[in-house]
Structures are given as C-alpha cells and as structure tokens.
Amino acid sequence: MAEKLGYDEKLAAPDQVVQPKIKEAITKARASANISKYLWAAIGVAIGNQDAFYSFRKNKTGLFGAISQSITCLRNSKNMKGNTGSHIKTIWGKFAKDLPSLIPDTWRTFKAATKEFYSGKGAFELRGSTFKYGKLGKMAAIGLTALAAGTTLFGIVNAKIGFKKSKDQKPETTIKNNKNCVEV
C-alpha cells in the first residue's frame, strides 16, 4: 500500500505512513458526503412541495394513507356504530383500484413537479397574500442544484487530493524507543 502511495524506499513501519493518509481521505469523503446529501435532500423536499404533488396526494391513496385511514377508522369505531368494517373495506378497495396506476402516475407527477420547480411557477402564501416565485425561484432552483452537484464533485476530488506522496517529499527517519520510525 505504501508503494502505491508513492513511497518506493524501504520504510521501517509503512503502516505509520499509510494509516494517517487513509484516515485523512475518509474524513474528507465523509464531510463532503454529509454536506452534499443535505443539499440533494433539500432539492427533493422542494420538488415534493410543488403543486403537482399536492394534487397527487389529494387524489391518490397510497399504502401509508390507507393504513393511516384504517387506524383512524378503528379508533373512531365507537362513533361509527357498526360501519367500521365497510368503511375500511372501502379504503382498501380504493387503494387496490389505485395500485396499478400508482407507479406511472407517480413518475408523471414527479416530472411535472420538477418542471414546476425549475420554471419558478410555484407560489407560497404569507399572511393571506399569495406570492409567485418567478425568476427568483427559477434562479434559486438552478443555484441549489449547481451547489449540490458542485459539492458532490468537490468531495470526490478533495478526497483524492494529497493522497499520494509528492515527488520531492521524503520521509523523515527519527529514533523513538530505539527503533527507526517514519514521521510524516
């Protein structure tokens, strides 16, 4: 391993050279991965908050929605007076009816929401007034995506930088406890 790092000369303890380099590369990779994954998650949350997904969630009953509605139905069974079973059957029937089209509809909704996100067509409400994102939203979406991609690429490059020994760097040999050791 020390030879692959560029240390061709004979070392008394090559693991003293290799282990710190490996730890440094792992630390760099983990730090950049953590930053990068939060940026990609922010993009996912932003796409999931577009109008296309709101209408999708309103019209479709997913598995978790069916389970949640069934549990709510069972909790309120005292108030329903015997209609609990038929209501749960209706919930699961709607889920079974939606199931074959769930994946294609999800994909179409994802594409529409992504287009909304990058075009800046979304809007938000603040104190009763509706504001459209417009050009600011479009620039923010593109900027966030560029930042996430740049952080990912920088993390890959940063982990590789400085891993190998430079041509003019020589190990220093010192005596510790009457043994030859290499300090880097």
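Positions are given from 1, in the same order as the sequence printed here.
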Next item on the list: List the atom of Ala52, the atom of Thr109, and the distance in Å for their closest heavy-atom pair.
Entry: O-CG2, 3.4 Å
Note to self: Please determine whether residues Ile47 and Ile103 belong to a single hydrophobic cluster, defined as Ile, Leu, Val, Met, Phe, Trp and Tyr linked transitively by side-chain heavy-atom distances below 4.5 Å.
What the structure shows: no
Check: Same cluster or not: are Ile35 and Val45 linked, directly or through other Ile, Leu, Val, Met, Phe, Trp or Tyr residues, by side-chain heavy atoms under 4.5 angstrom apart?
Finding: no
Notebook entry, point to check: Does the side chain to side chain donor-acceptor pair (under 3.5 Å) test come out yes or no for Trp40 and Thr152, once each step is laid out?
Noted result: CA-CA 10 Å; Trp40 288 113; Thr152 302; 3.0 Å; yes
Measure the [atom1]-[atom2] distance between [X] and [Y] for me, rounded to the nearest 0.5 Å.
X: Phe110; Y: Asp105; atom1: CZ; atom2: CG; answer: 15.0 Å
X: Met139; Y: Leu144; atom1: CE; atom2: CG; answer: 13.5 Å
X: Lys37; Y: Ser32; atom1: NZ; atom2: OG; answer: 10.5 Å

Checklist line | Residue among Leu153, Ile156, Leu147, Thr151 satisfying side chain to side chain contact (heavy atoms under 4.5 Å, CB included) with Ser36 | finding: Thr151
Item checked: Close side-chain approach of Phe117 to Asn49, heavy-atom, < 4.5 Å -> no
Checklist line | Under 3.5 Å donor-acceptor, Gln50 side chain and Ala112 backbone | finding: no
Check: Got a sec: does the OH of Tyr38 have more than 12 other heavy atoms crowding it under 6.0 Å?
Finding: no
